[in-house]
Engineer: 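Sharing a structure with you now.
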Amino acid sequence: MRPTSYLIPLAATALLSACTLGPEYAGPPDVAPHAAQNGHFLRGGDAVQTAATQRNNWWEGLSDPLLNELVQRALAANPNLNIAKARLQQSRAALNLEQANAMPSASGSALYAHAKLPSLSGSGSSTTTNLYNLGFDASWEADIFGANKRSIQAARATSEAAEASLADVQVSLAAEVANAYISLRDRQQRIALGDQSIAAQEQMITLARQRLERGTASNLDILRLQNQLEGTRADLTPLRADMESYLNQLATLVGEEPGALDDKLSAATPLPLPPAAVAVGDPTELLRHRPDIRAAERTLAADTAKIGQAEAARYPSLKLFGVIGLGGTHASDLTKLDDFATILAPMLSWNFLDFGRNAARVTQAEEVRNEAEMKYRQTVLEALRDAEDSLSRFRNGRITVATLARNKVSADQALDLAQQRYRAGTTTLVDVLDTTRQQLSAQQNLLQAEANLTRNFVAIQKALGLGWNS
């Protein structure tokens with residue numbers, strides 16, 4: 001019987017009887033049924049809208065061209081983002097490798113040998129001979145129990161998880177740039193406010209000295225004013241250190257050396273404030289689009305497929321080998337296509353006596369999959385908590401800003417009145433100093449509340465998983 005006469009039926013039987021072991025992935029568990037049923041977030045209140053979110057370029061809602069430029073530069077050149085891109089390419093290459101492993105492998109060889117052999121008769125003479133050979137061999141492992149299919153499924157899900165992780169890095173990076181930019185503008189505004197306060201206090205010292213010359217003020221009044229002035233100057237020192245730190249942070253986030261953005265960002269500009277209407281969608285949209293949830297879900301799918309790989313290793317494997325060779329002692333022998341050697345052979349192997357090794361591998365794969373499911377559940381719950389926390393802080397932050405704005409108006413009026421009365425000689429310098437401190441504190445508090453409100457807006461975008469591009 002020719003070798004192919006039994007090889008073809010055997011291969012066909014193996015393919016027809018093939019099955020895929022392991023559990024079929026049926027999607028992630030329903031972790032938050034109540035959030036999906038409610039159709040809205042609990043903590044947003046009237047500060048947000050349930051309209052669909054805009055996933056791309058949310059930072060443009062802050063209406064700050066410099067911020068837009070910095071975010072785009074970071075998304076193009078940040079080293080951490082490029083690391084995530086490299087990991088994605090690695091995972092795609094791994095998928096290509098698994099797909100290639102499921103296909104037959106073939107190789108060719110060519111051989112020429114020249115040999116000089118001694119005579120066997122002992123006459124002292126020798127003989128020479130040449131050897132020419134061309135060979136071709138191929139092998140293929142039949143996927144009887146679905147090991148290759150499961151490995152491809154796992155590699156594909158892993159690649160998709162890497163893609164989601166890249167999107168998650170984009171989300172975090174955009175939020176980090178925005179927060180650093182907000183903190184920079186906050187410090188610059190507070191420094192400018194301190195400089196204004198210093199100028200006002202220096203004018204008060206000049207006025208006090210004029211009154212001292214007229215005998216209507218004392219040296220104690222001037223000492224109190226100077227002490228307050230020095231205290232204000234001292235408060236500016238850590239603010240300037242913070243400003244330089246945020247300049248350095250922004251430079252590194254966009255892939256530049258510290259100090260590279262000083263000329264562009266050193267001039268103080270107003271804080272960017274969030275838009276009047278903030279669209280947040282609903283919990284179902286969050287669960288569908290947040291990248292870290294998608295990465296956890298794809299990891300769960302990959303680990304589910306790996307159980308099938310471990311299961312298949314417990315059963316026999318069938319490999320098919322084939323070799324074709326041409327050759328002889330003359331080069332013309334390579335053209336004799338009707339005179340070639342062939343070897344076709346199936347090989348069945350089964351490690352049936354493994355003392356529980358494969359069973360342990362299956363158990364290990366199952367527990368890895370269970371761990372991935374718990375991580376998915378935890379990721380979903382933490383995502384919902386992040387969203388609700390940021391919405392609560394944003395809603396209450398708007399109330400705080402409105403309250404402190406009214407307080408600042410009152411403090412401005414009180415200071416103006418106190419200064420008028422001091423010039424008229426109807427109040428003491430102590431009252432003016434106290435009112436000045438209150439007005440400065442009101443300004444600082446309002447500025448800090450506005451910065452926190454914008455940070456809370458950024459936190460909402462990050463919690464919703466917005467700001468990534470495929």
Side-chain angles (χ1 to χ4, degrees), residues 41 44-78 81 167-193 242-243 245-247 249-254 261 264-281 286 289-291 386-387 389-402 404-405 446-469:
F41 293 102
D46 58 357
V48 296
Q49 299 176 343
T50 57
T53 59
Q54 179 64 37
R55 292 195 299 273
N56 299 329
N57 303 342
W58 57 261
W59 46 88
E60 293 179 356
L62 295 174
S63 302
D64 192 313
L66 270 177
L67 174 59
N68 298 342
E69 177 187 343
L70 291 174
V71 173
Q72 294 297 342
R73 288 178 62 179
L75 293 176
N78 181 265
L81 188 62
D168 191 45
V169 174
Q170 291 177 319
V171 170
S172 298
L173 179 60
E176 189 175 2
V177 172
N179 281 325
Y181 184 81
I182 293 164
S183 297
L184 171 66
R185 295 312 187 196
D186 171 52
R187 297 305 189 274
Q188 289 176 332
Q189 288 295 313
R190 290 166 67 178
I191 290 172
L193 186 60
D242 288 346
M243 180 188 69
S245 176
Y246 289 122
L247 285 170
Q249 182 183 2
L250 286 168
T252 55
L253 286 174
V254 301
L261 300 178
K264 181 183 290 292
L265 299 176
S266 291
T269 60
L271 272 168
L273 296 177
V278 180
V280 297
L286 178 147
H289 293 301
R290 183 160 154 151
D386 287 346
D389 287 350
S390 60
L391 289 170
S392 176
R393 286 192 292 266
F394 183 74
R395 186 187 76 248
N396 290 287
R398 291 180 62 177
I399 298 173
T400 301
V401 168
L404 292 177
L446 177 59
L447 187 62
Q448 184 176 3
E450 290 175 339
N452 288 337
L453 181 64
T454 307
R455 291 191 190 96
N456 292 335
F457 169 79
V458 174
I460 290 175
Q461 313 310 311
K462 182 180 179 182
L464 296 178
L466 307 181
W468 57 269
N469 292 293

Engineer: Looking at every heavy atom in both L446 and A405, which two are closest together, and how far apart are they?
Structural biologist: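 Scanning both residues, the minimum pair turns out to be CD1-N, 3.7 Å.
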Engineer: Can you find a pair of side-chain heavy atoms, one from H289 and one from L466, that are under 4.5 Å apart?
Structural biologist: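 Side chain of H289 against side chain of L466, heavy atoms only: no contact under 4.5 Å found.
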Engineer: Would you indicate whether the side-chain heavy atoms of L250 and K264 approach each other to under 4.5 Å?
Structural biologist: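 K264 does not reach L250 side chain to side chain.
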Engineer: Do V458 and W59 have side-chain heavy atoms sitting under 4.5 Å apart?
Structural biologist: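 Side chain of V458 against side chain of W59, heavy atoms only: no contact under 4.5 Å found.
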Engineer: Quick one: does any side-chain atom of N57 pair with a main-chain N or O of E60 as donor and acceptor, under 3.5 Å?
Structural biologist: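 It does not hold such a pair.
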Engineer: Using a strict cut-off of less than 4.0 Å between a Lys/Arg side-chain nitrogen and an Asp/Glu carboxylate oxygen, indicate whether R290 and D386 qualify as a salt bridge.
Structural biologist: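 Salt bridge flag = yes for D386 with R290.
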Engineer: Just do the side-chain contact (heavy atoms from CB on, under 4.5 Å) check on L261 and V254 with the steps written out, would you?
Structural biologist: CA-CA 10 Å; L261 300 178; V254 301; 4.1 Å; yes
Engineer: Could you tell me how the ring of F457 sits relative to the ring of W58: parallel (under 30°), tilted (30 to 60°) or perpendicular (over 60°)?
Structural biologist: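 Plane angle over 60°, so perpendicular.
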Engineer: With a 4.5 Å heavy-atom cut-off, do L173 and L253 have their side chains touching?
Structural biologist: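 Result yes, sub-4.5 Å side-chain heavy-atom pair found.
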Engineer: From L447 CG over to N452 CG, what is the distance, rounded to the nearest 0.5 angstrom?
Structural biologist: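 Atom-to-atom, L447:CG and N452:CG are 10.0 Å apart.
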Engineer: So which heavy atom on L62 is nearest to which on P272, and how close?
Structural biologist: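 The answer is O-CB, 3.9 Å.
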Engineer: About how many Å separate CD of Q189 and CG of L184, when rounded to the nearest 0.5 Å?
Structural biologist: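 It comes to 10.0 Å.
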Engineer: Apply side-chain contact (heavy atoms from CB on, under 4.5 Å) to residues Y181 and L265 and explain how you reach the verdict.
Structural biologist: CA-CA 9 Å; Y181 184 81; L265 299 176; 4.1 Å; yes
Engineer: Quick one: does R185's side chain get under 4.5 Å of L66's, heavy atoms only?
Structural biologist: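 Side chain of R185 against side chain of L66, heavy atoms only: contact under 4.5 Å found.
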Engineer: Side chains of R455 and S183, heavy atoms from C-beta outward: is any pair under 4.5 Å?
Structural biologist: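 Counting from C-beta outward, R455 and S183 do come under 4.5 Å.
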Engineer: Would you name the heavy atoms of R398 and A276 that are closest together and state the gap between them?
Structural biologist: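 Smallest interatomic distance, heavy atoms only, reads NH1-O, 4.1 Å.
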Engineer: Check whether any side-chain heavy atom of Q249 sits under 4.5 Å from a side-chain heavy atom of E176, and report yes or no.
Structural biologist: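 They are in side-chain contact.
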Engineer: Could you walk me through whether L273 and L453 pass side-chain contact (heavy atoms from CB on, under 4.5 Å), step by step?
Structural biologist: CA-CA 8 Å; L273 296 177; L453 181 64; 5.6 Å; no
Engineer: Identify the two heavy atoms, one from A178 and one from L67, that lie closest to each other, and give their separation to 0.1 Å.
Structural biologist: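 Of all heavy-atom pairs spanning A178 and L67, the closest is CA-CD1, 3.8 Å.
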Engineer: I'd like to know if the side chain of D186 and the backbone of I182 have a donor-acceptor N/O pair within less than 3.5 Å.
Structural biologist: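 Judged by distance alone, no pair lies under 3.5 Å.
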Engineer: Could you walk me through whether R395 and N456 pass the side-chain contact (heavy atoms from CB on, under 4.5 Å) check?
Structural biologist: CA-CA 9 Å; R395 186 187 76 248; N456 292 335; over 6 Å; no
Engineer: How about F41 and L464: do any of their side-chain heavy atoms sit closer than 4.5 Å?
Structural biologist: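 Yes, their side chains come closer than 4.5 Å.
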Engineer: Can you name the closest pair of heavy atoms from A174 and V71 and give their distance?
Structural biologist: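 Taking A174 first and V71 second, the nearest heavy atoms are CB-CG1, 4.1 Å.
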Engineer: What distance do Q188 atom CD and L271 atom CG have between them, rounded to the nearest 0.5 Å?
Structural biologist: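 Those atoms lie 9.5 Å apart.
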Engineer: Which value, rounded to the nearest 0.5 Å, describes the distance between L70 atom CG and L75 atom CG?
Structural biologist: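 If we round to the nearest 0.5 Å, L70:CG and L75:CG are 11.0 Å apart.
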